There are 2 protein chains.
Amino acid sequence: MKVSALEEYGLRCMLQLARKNGGPMTLPEISKAEGVSLSYAGKLLMILKKAGLVKAVRGRQGGYALVKPAEEYDLKEIFDALGEPLYNPKHCRKFTGDLVKCAHSKDCTVRDIWKEFSKIIDGVLGNMTLADVASGSYDFGNMTSNIQVGIK
Amino acid sequence: MKVSALEEYGLRCMLQLARKNGGPMTLPEISKAEGVSLSYAGKLLMILKKAGLVKAVRGRQGGYALVKPAEEYDLKEIFDALGEPLYNPKHCRKFTGDLVKCAHSKDCTVRDIWKEFSKIIDGVLGNMTLADVASGSYDFGNMTSNIQVGIK
DNA sequence: TAATTACTTTACTAAAAAGTACAGTATTTT
DNA sequence: AAAATACTGTACTTTTTAGTAAAGTAATTA
């Protein structure tokens, strides 16, 4: 299981803006801050812009800025802009080999696992704001201690 | 966030064996059952074999079989054989751009998120057996309802 | 012991994701 | 208005992951 480069760097760019009071920051500034090329920073910010998460101003004094306070972004909306959730309808249509439906479609007990993970992850992401991450002011507490898998 | 093809199909091959009482099943059988090519099935089973999760017998009457009862495999060991966990030391060394250390290394609040997800996921995987998945006899219950992210 | 079945290994091709290059348009400043 | 700064868009290259091909070795059976 993996976090994609788009997800990782995309979130980091949002963090850069959040830590600069929402911006604006120019592409060269963002690029330098994250150590990625100007082109790649451009690609990332364009994705975020098309998703409506940041706004851009051209010309001198321009740059990218958050469209709302960092407190009002939850991590789920940022991730949704940068990639697909762990489980989605496409997932099952992807691993069918050359069969019309996947081998386990009838009693797919695997799907339930991804669905559950997706739910857990979205739950956590949905409850954290960009501001929380920027300041490190969240506390996972002992949430994992409450998790257990039972037998039916 | 994504599940790789190796992880998905690898687990499915293990499920095929589990549902056949641990095997043995030949490569052509597995290949046909999952709708993947013989070559690809071979690759998958070789990975599982090298990880010690299955054993192989050559020649007629041969095939692949589980090395222990399905009840004794936890999903974590299967996943560990097929890919890397969501968070691992390599992860942080990967997204540094052209910087020596990543931009957020000092106060990396992002890393904590992946670490936490990794912990949750490993917790769930570690508590489910291959037999559970094969029979669908697990119950996630309302584990997600217990999860919450607090503010420090 | 030859034929058959089946695993093994290495090398390759194809597709997707990651990352770059470059020419273009908009805005501001001088 | 020209120069400088900065976003925009398309096309490209590189790397990784996914998936295939084919020749080889081992065991069994007739």
Side-chain angles (χ1 to χ4, degrees), chain A residues 1-13 17 23-65 67 82-84 90-91 93-99, chain B residues 1-13 17 23-51 53-67 82-84 90-91 93-99:
Chain A
M1 242 171 294
K2 273 218 291 217
V3 176
S4 74
L6 249 43
E7 288 168 333
E8 178 82 37
Y9 282 123
L11 173 57
R12 285 158 176 243
C13 290
L17 292 175
M25 278 179 90
T26 67
L27 233 24
E29 281 171 337
I30 297 170
S31 148
K32 198 175 173 194
E34 283 297 332
V36 300
S37 72
L38 194 60
S39 296
Y40 194 50
K43 186 179 197 167
L44 289 166
L45 271 296
M46 198 46 54
I47 290 171
L48 294 169
K49 190 200 156 191
K50 282 183 177 156
L53 296 180
V54 300
K55 62 190 170 194
V57 174
R58 289 192 182 191
R60 247 167 163 160
Q61 318 295 351
Y64 288 93
V67 298
L82 295 165
E84 302 210 309
K90 271 185 203 166
H91 181 88
R93 261 172 270 142
K94 201 172 162 190
F95 298 105
T96 59
D98 59 8
L99 305 173
Chain B
M1 244 172 290
K2 271 218 294 213
V3 176
S4 74
L6 248 45
E7 288 167 334
E8 177 82 38
Y9 282 122
L11 173 58
R12 284 157 177 244
C13 290
L17 292 175
M25 278 179 88
T26 68
L27 232 25
E29 282 172 336
I30 296 170
S31 149
K32 199 176 171 192
E34 284 296 332
V36 300
S37 73
L38 195 60
S39 296
Y40 193 50
K43 186 179 196 165
L44 289 166
L45 271 296
M46 199 45 54
I47 291 171
L48 294 169
K49 189 199 157 190
K50 282 182 177 156
L53 296 181
V54 301
K55 62 189 170 197
V57 175
R58 290 192 181 192
R60 245 166 165 160
Q61 318 296 351
Y64 288 94
L66 299 182
V67 298
L82 296 164
E84 302 209 309
K90 272 187 204 165
H91 180 88
R93 261 173 270 142
K94 201 173 161 189
F95 298 105
T96 59
D98 59 9
L99 305 173

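Since we're looking at a predicted model, the values are computed, not measured. First the proteins, then the strands, lettered A, B, ... as listed; each starts at 1.
- Of all heavy-atom pairs between B/L48 and B/G10, the closest is CD1-O, 3.9 Å.
- For A/Q61, there are no side-chain contact (heavy atoms from CB on, under 4.5 Å) partners at least two apart in sequence or on another chain.
- A search for side-chain contact (heavy atoms from CB on, under 4.5 Å) contacts involving B/L38 returns B/L27, B/P28, B/S31, not counting sequence neighbours.
- Listed by chain and residue number, nothing satisfies the salt bridge (Lys or Arg N to Asp or Glu O under 4.0 Å) test with B/K50 (two or more places apart in sequence, or in another chain).
- Qualifying salt bridge (Lys or Arg N to Asp or Glu O under 4.0 Å) partners for B/E29, counting only residues two or more places apart in sequence or in other chains: none.
- Only A/A56, A/V57, A/R58, A/G59, A/R60, A/G63, A/Y64, listed by number, bring a heavy atom of residues 51-64 of chain A to less than 4.0 angstrom from any atom of DNA chain D.
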Output a table of nitrogen or oxygen pairs between the protein and nucleotides 17-22 of chain C separated by less than 3.5 Å.
from	atom 1	to	atom 2	distance (Å)
C/dA17	OP1	B/K2	NZ	2.7
C/dA18	OP1	A/A5	N	2.8
C/dG19	OP2	A/Y40	OH	3.0
C/dG19	N7	A/K43	NZ	2.6
C/dG19	O6	A/K43	NZ	3.2
C/dT20	OP2	A/S37	OG	2.6
C/dA21	N7	A/S39	OG	2.8

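- Looking at residues two or more places apart in sequence or on another chain, you find no side-chain contact (heavy atoms from CB on, under 4.5 Å) involving B/V57.
- A distance of 11.0 Å separates CG in B/D98 from NZ in A/K32, rounded to the nearest 0.5 Å.
- In summary, contact between chain A and DNA chain D, defined as any nucleotide atom under 4.0 Å from a heavy atom of the protein, begins and ends at D/dA4 to D/dT17 in the 5' to 3' direction.
- Although no hydrogens or angles enter the test, the distance criterion places a donor-acceptor pair under 3.5 Å between the side chain of B/E7 and the main chain of A/M1.
- Residues from residues 27-35 of chain B with heavy atoms under 4.0 angstrom of DNA chain D: there are none.
- For A/E8, the side-chain hydrogen bond (donor to acceptor under 3.5 Å, both in side chains) partners two or more places apart in sequence, or in a different chain, are A/R12, B/H91, B/W114.
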Margin query: Could you go through B/L53 and B/V67, starting from their C-alpha distance and side-chain angles, then the distance that decides it, and tell me whether this counts as side chain to side chain contact (heavy atoms under 4.5 Å, CB included)?
Written below: CA-CA 6 Å; B/L53 296 181; B/V67 298; 5.9 Å; no

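- Rounded to whole Å, the distance from CG on B/L45 to C1' on C/dT9 is 15 Å.
- Every ring-ring contact (aromatic ring centres under 6.0 Å, His included) that B/Y40 has, sequence neighbours left out, goes to B/Y9.
- Partners of A/K94 by side-chain contact (heavy atoms from CB on, under 4.5 Å), not counting sequence neighbours, listed by chain and number: B/K2.
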